[in-house]
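Written out below as structure tokens is the structure these notes cover.
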Amino acid sequence: MDLATVLLLHKSSFIVGALCFFYMRWRSREPGLELLAVGDCFLAFASTLAGMGEQGSVPYEIWTFGSFSVGVTGYALMAVGTIRLSGRRRELSDWLLVTAALALSIVVGMTHLYLDNQSRAAIFNANASIFLLISAGAISVDFFGDRLPGRIGLAASLMAAMMFSALVVLGVAFPEYGPIAPRNAFFMLIICHFSVALFVVVLVQERAEAKLSRLANTDALTGIPNRQNFLACLPRQFRQGDGFIMMDIDHFKSVNDRHGHEIGDAVLVGVAQTIAAAAGRELLLARLGGEEFALFLRDQTEETLVATADQIRRKIKTLAFDVGAGTVTPTVSAGVALWSDECDATKLRDRADQALYRAKRAGRDRVETYAAESVAALS
């Protein structure tokens with residue numbers, strides 16, 4: 001493959017990347033995409049300038065220094081954009097990478113190293129390797145806070161690009177030690193740039209899908225799982241020790257009627273967050289609707305089920321909401337039911353509901369267990 005074709009592919013990889021990043025930034029508003037797009041524009045311009053220089057249409061001194069300085073700045077902007085996309089954070093210190101690229105351009109310009117093709121290529125690709133490594137590191141480190149498969153592909157693409165940039169440096173500086181020819185390594189680097197653009201798009205898309213999933217499965221007011229999520233997460237097969245706790249805020253309608261829906265919403269949020277904090281990550285919980293909440297627990301006895309419900313009840317009782325002239329101190333009633341052989345999910349939940357009804361009938365602010373004979377007596 002001749003040099004003109006390689007440079008055309010090189011430029012095309014950045015143009016495609018810039019278009020993808022600008023479009024995704026417009027659609028998603030994810031941070032860093034605009035810098036990735038601008039960085040690719042810089043690199044596309046640098047590649048175009050190099051191509052024009054190789055054809056003799058631009059003076060040697062202009063295209064060599066111009067393509068070098070614009071190119072290293074482009075890689076720095078890509079690194080800053082990748083860091084911001086990865087962690088969704090904007091920090092002033094990120095711009096130190098761009099400052100370092102500009103400082104390198106000044107040094108190379110003052111020492112006229114850009115006039116020597118071998119030195120220019122080695123320094124440029126070494127700079128690219130460093131910025132690509134920084135980008136890959138950011139994507140990898142932030143994986144634990146944003147566990148999306150697209151990160152793996154993006155980190156791998158950036159690491160591959162870093163490796164091929166390093167191989168170009170090795171092939172240019174030490175031709176006898178290079179495992180592949182610099183031109184072949186450069187061609188593989190172009191493929192990696194296409195791959196980087198692809199996996200950035202994948203990562204942004206996965207984030208959008210994850211956000212939609214959270215919205216679909218989370219109660220908008222309280223921030224805890226909703227009924228849909230709760231029912232979907234219940235096990236298909238129940239076993240000995242499975243149990244339900246149903247909770248309902250006592251006299252909640254009177255809170256709304258006397259103090260307004262704003263106070264009512266504050267009470268709902270406070271109660272929900274208290275339940276979530278007490279339940280921990282091992283239990284399934286949800287706001288089923290209105291002022292009713294449900295929890296599903298495994299490996300329980302009737303005593304531990306009641307103890308858990310009562311612990312949550314007591315914590316909720318310590319809450320207080322200022323309403324100007326006084327305070328609202330909510331209480332909850334709870335019903336618990338333990339699985340038995342003849343129960344399915346619907347029947348077990350109904351039994352916990354029946355126990356909740358018993359707690360309401362018995363005076364509220366208490367926990368009751370399901371008992372078939374008691375339910376028969378009430379009916």
Side-chain angles (χ1 to χ4, degrees), residues 3-22 25 32-85 94-135 158 161-162 164-166 168-169 172 182-183 185-187 189-194 196-197 200:
L3 182 58
T5 303
V6 171
L7 289 175
L8 177 61
L9 286 173
H10 188 241
K11 177 173 61 177
S12 299
S13 69
F14 295 124
I15 292 174
V16 169
L19 291 173
C20 288
F21 301 148
F22 275 129
R25 180 68 176 88
L33 287 171
E34 70 283 0
L35 290 175
L36 281 167
V38 172
D40 269 5
C41 287
F42 271 51
L43 286 161
F45 178 74
S47 183
T48 301
L49 197 58
M52 294 172 64
E54 291 291 343
Q55 295 171 2
S57 55
V58 178
Y60 184 79
E61 292 81 1
I62 294 177
W63 79 259
T64 50
F65 180 70
S67 64
F68 179 90
S69 57
V70 173
V72 297
T73 305
Y75 270 114
L77 288 169
M78 282 185 63
V80 176
T82 304
I83 292 170
R84 292 191 172 183
L85 174 67
D94 296 339
W95 292 102
L96 291 175
L97 298 176
V98 178
T99 303
L102 294 174
L104 176 63
S105 297
I106 292 171
V107 171
V108 168
M110 293 178 64
T111 57
H112 298 95
L113 286 171
Y114 63 92
L115 295 174
D116 179 69
N117 284 332
Q118 186 175 3
S119 299
R120 185 180 68 255
I123 297 171
F124 181 86
N125 283 282
N127 168 83
S129 296
I130 293 170
F131 285 133
L132 289 166
L133 180 61
I134 291 171
S135 300
L158 289 165
M162 182 277 296
F164 286 118
S165 291
V168 172
V169 176
V172 169
R183 180 172 293 189
F186 189 70
F187 178 76
L189 176 61
I190 295 170
I191 302 300
C192 290
H193 282 304
F194 280 113
V196 167
V200 166

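Given the structure is predicted, the values throughout are model-derived calculations rather than measurements. No hydrogens, no waters, no symmetry mates; every other heavy atom, side chains included, goes into these values.
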State the [atom1]-[atom2] distance between [X] and [Y], to the nearest 0.5 angstrom.
{"X": "I130", "Y": "S135", "atom1": "CD1", "atom2": "OG", "answer": "12.0 Å"}
{"X": "I190", "Y": "F186", "atom1": "CD1", "atom2": "CZ", "answer": "5.0 Å"}
{"X": "C41", "Y": "L35", "atom1": "SG", "atom2": "CG", "answer": "11.5 Å"}
{"X": "D40", "Y": "L36", "atom1": "CG", "atom2": "CG", "answer": "7.0 Å"}
{"X": "C192", "Y": "F187", "atom1": "SG", "atom2": "CZ", "answer": "10.5 Å"}

Salt bridge (charged side-chain N to carboxylate O under 4.0 Å, His left out) contacts touching residues 62-85 (sequence neighbours left out)
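Qualifying pairs: R84-D94.
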Which salt bridge (charged side-chain N to carboxylate O under 4.0 Å, His left out) pairs, counting each pair once, include a residue from residues 107-133, with sequence neighbours left out?
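Pairs touching residues 107-133 that pass the test: none.
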For F45, is the CZ atom crowded, meaning more than 12 foreign heavy atoms sit under 6.0 Å from it?
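Not buried by this count: 12 neighbours or fewer within 6.0 Å.
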Just wondering, more than 12 heavy atoms not from F124 lying within 6.0 Å of its CZ?
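Atom CZ in F124 is packed in, count exceeds 12.
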Keeping [X] on the side-chain end and [Y] on the backbone end, is there a donor-acceptor pair under 3.5 Å?
{"X": "S47", "Y": "L43", "value": "no"}
{"X": "S13", "Y": "H10", "value": "yes"}
{"X": "S129", "Y": "A166", "value": "yes"}
{"X": "E61", "Y": "L115", "value": "no"}

Residue from I83, L77, T73 passing side chain to side chain contact (heavy atoms under 4.5 Å, CB included) with L97
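Running side chain to side chain contact (heavy atoms under 4.5 Å, CB included) over I83, L77, T73 with L97 returns exactly one hit, I83.
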Side-chain donor-acceptor pair present, N125, Y75, cut-off under 3.5 Å
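Judged by distance alone, the side chains do not pair up.
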Heavy-atom closest pair, residues F131 and A79
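Heavy atoms only, the tightest pair is O-CB, 3.9 Å.
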Are V200 and C20 close enough that some pair of their side-chain heavy atoms sits under 4.5 Å apart?
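Side chain of V200 against side chain of C20, heavy atoms only: no contact under 4.5 Å found.
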